[in-house]
Amino acid sequence: MRHRSNTALKRKSLLTAKVLRWYRKNGRQLPWRNEDDPYRVLVSEVMLQQTQVSRVLTKYPRFLKRFPSLRRLTNAKTSDVIKAWEGMGYNNRALRLQRLAVTVLDEHRGRIPGNIQELEALPGIGRYTAHALACFSFGQQVPVVDTNIKRVLTRLRSPQSRRPAPKEEDIWDLAESLLPRQHSHDWNQALMDLGATICTAAQPKCDRCPLVDLCPSAYRVSRRTRAAKKPEPGRDGIPNRIYRGRTIQALRELKTPGGMTRTALARKIKPNFTSVDRRWSESLLRRLQKDGLIRIRAGNRISLPE
DNA sequence: AATGCGTGGCT
DNA sequence: TAGCCAAGCAT
């Protein structure tokens, strides 16, 4: 810290004070913020990967009621875990969550590890989630960088008009340097709230931002000219991931045991299915099978994995 | 390193 | 209203 100037230090303490004050008054009340049990925090963080708070709010309590502990999750049928994941999207996360539970039981005596390196080695846990668990569950004074915090810090660091976007590592370094020791939990949560509710991507509400006086990007966020994204692979203009989702959903809704035939399934997910779609449909199923999301049984019937 | 991976609300 | 996009991760 010796290299930092006094003005920089003052700026930091002013910044953190403003954010923490704003958070105390305006922070959202979210159920997982009152949790420190690693399993319960883990479930929330995995659910929140690329998924809005509003969606997680409705699914989180139901999932925990169904799988109240890591051990209960390991003992569950995978098909039930996938069913409980309904409405969440990115079904691979449900699989990885259960695989994580099994890994923790086998390799960590059922205790979710508290250090970042071991966390990051677990299935479905990347840099963000590892740091989130370390901070929110284990009380470590470490930064967290998600898409919200990345946006807030990027705008705070330099005028938004000036580009290109900073490197990922620079953002983590900046987050580390701003961390108010002993307040990391609230600070990280506060920055995420700020990004989600005020410093939003499209139309930031600078008039309501506690940092408006400190932010070089205030009222200067221009509309993004996005490079047109390459269309995803799909069929009839519909991305494959949509058909994958429909496939899993159809199998969730199937009440009778024994699975569905390929043809019945194909017609269900693609109403105008014809024989020319056979090859495409087969490759779709193959990938789902490879991911472990479906089982193709002898007798050619498809179901969720046990 | 670029791409694949859900879902449903919002504009 | 058709397209955009949201607490990332794995390969």
Check every strand shown and say whether [X] touches a base, only sugar-phosphate, or nothing at a heavy-atom separation below 4.0 Å.
X: A/M47; value: nothing
X: A/G126; value: sugar-phosphate
X: A/L30; value: base
X: A/W32; value: base
X: A/R96; value: sugar-phosphate
X: A/I242; value: base
X: A/P123; value: sugar-phosphate
X: A/S54; value: nothing

| query | Crowded around A/R72 CZ? As in, over 12 foreign heavy atoms under 6.0 Å? | reply |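 Not more than 12 within 6.0 Å, no.
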
| said: Within a 6.0 Å radius of atom NZ on A/K77, are there more than 12 heavy atoms belonging to other residues, nucleotides or ligands? | reply: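 Incorrect, the count does not exceed 12.
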
| Residue pairs involving residues 46-102 of chain A (criterion ring pair (Phe, Tyr, Trp, His ring centres under 6.0 Å); sequence neighbours excluded) |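 Of all non-adjacent pairs touching residues 46-102 of chain A, those that pass ring pair (Phe, Tyr, Trp, His ring centres under 6.0 Å) are A/W32-A/Y60, A/F63-A/F67, A/F63-A/W85.
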
| request: Answer yes or no: does a side-chain N or O of A/R244 lie under 4.0 Å from OP1 or OP2 of B/dC5? | output: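 Checking A/R244 against B/dC5: at least one side-chain N or O falls below 4.0 Å of OP1 or OP2.
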
| said: Taking 4.0 Å as the cut-off, does a side-chain nitrogen or oxygen of A/Q50 come that near to OP1 or OP2 on C/dG8? | reply: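 Result: yes.
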
| Given A/R262, A/K270, A/R267, the one that forms salt bridge (charged side-chain N to carboxylate O under 4.0 Å, His left out) with A/D277 |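 Passing option: A/K270.
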
| Do A/R127 and A/E169 sit within salt-bridge range, that is, some charged N less than 4.0 Å from a carboxylate O? |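 Here A/R127 pairs with A/E169 in a salt bridge, since their nearest N and O are under 4.0 Å apart.
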
Distance in angstrom units between [X] [atom1] and [N] [atom2], rounded:
X: A/E168; N: C/dC9; atom1: CD; atom2: C1'; result: 12 Å
X: A/I149; N: C/dG8; atom1: CD1; atom2: P; result: 10 Å
X: A/N92; N: B/dC5; atom1: CG; atom2: C1'; result: 7 Å
X: A/Q249; N: B/dT7; atom1: CD; atom2: P; result: 7 Å
X: A/L95; N: B/dG6; atom1: CG; atom2: C1'; result: 13 Å
X: A/Y243; N: B/dG4; atom1: OH; atom2: P; result: 16 Å
X: A/L288; N: B/dG6; atom1: CG; atom2: P; result: 8 Å
X: A/R151; N: C/dA6; atom1: CZ; atom2: P; result: 7 Å

| said: Nearest heavy atom decides the nucleotide; on that basis, is A/G124 or A/N148 closer to the 5' end of DNA chain C? | reply: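 It is A/N148 whose nearest nucleotide is closer to the 5' end.
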
| 5′-ward residue of the pair A/E120/A/E45 relative to DNA chain C |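 The residue closer to the strand's 5' end, by nearest nucleotide, is A/E45.
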
| Whole-Å P distance, C/dT11 and B/dG6 |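 About 14 Å, rounded to a whole number of Å.
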
Side chain of [X] only, please: which of [options] is the nearest?
X: A/R93; options: B/dG6, B/dC5, C/dG8; answer: B/dG6
X: A/Y90; options: B/dT7, B/dG6, C/dC9; answer: B/dG6
X: A/A201; options: B/dG6, C/dG8, C/dA6; answer: C/dA6
X: A/K230; options: B/dG4, B/dT3, B/dG8; answer: B/dT3

| message | Ignoring hydrogens and geometry beyond distance, is the side chain of A/T51 in donor-acceptor contact with the base of B/dG6 at under 3.5 Å? | response |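 By the distance-only test, yes, there is a pair.
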
| query | Side-chain donor or acceptor of A/R241 under 3.5 Å from a matching atom on the base of B/dG4? | reply |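 Answer no: no donor N or O sits under 3.5 Å from an acceptor.
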
| task | Could you tell me how the ring of A/F136 sits relative to the ring of A/H185: parallel (under 30°), tilted (30 to 60°) or perpendicular (over 60°)? | result |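 The arrangement is perpendicular - the two ring planes meet at more than 60°.
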
| field | same_hphob_cluster(A/F273, A/I294) at 4.5 Å side-chain heavy-atom cutoff | value |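 No: no chain of side-chain contacts under 4.5 Å links A/F273 to A/I294.
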
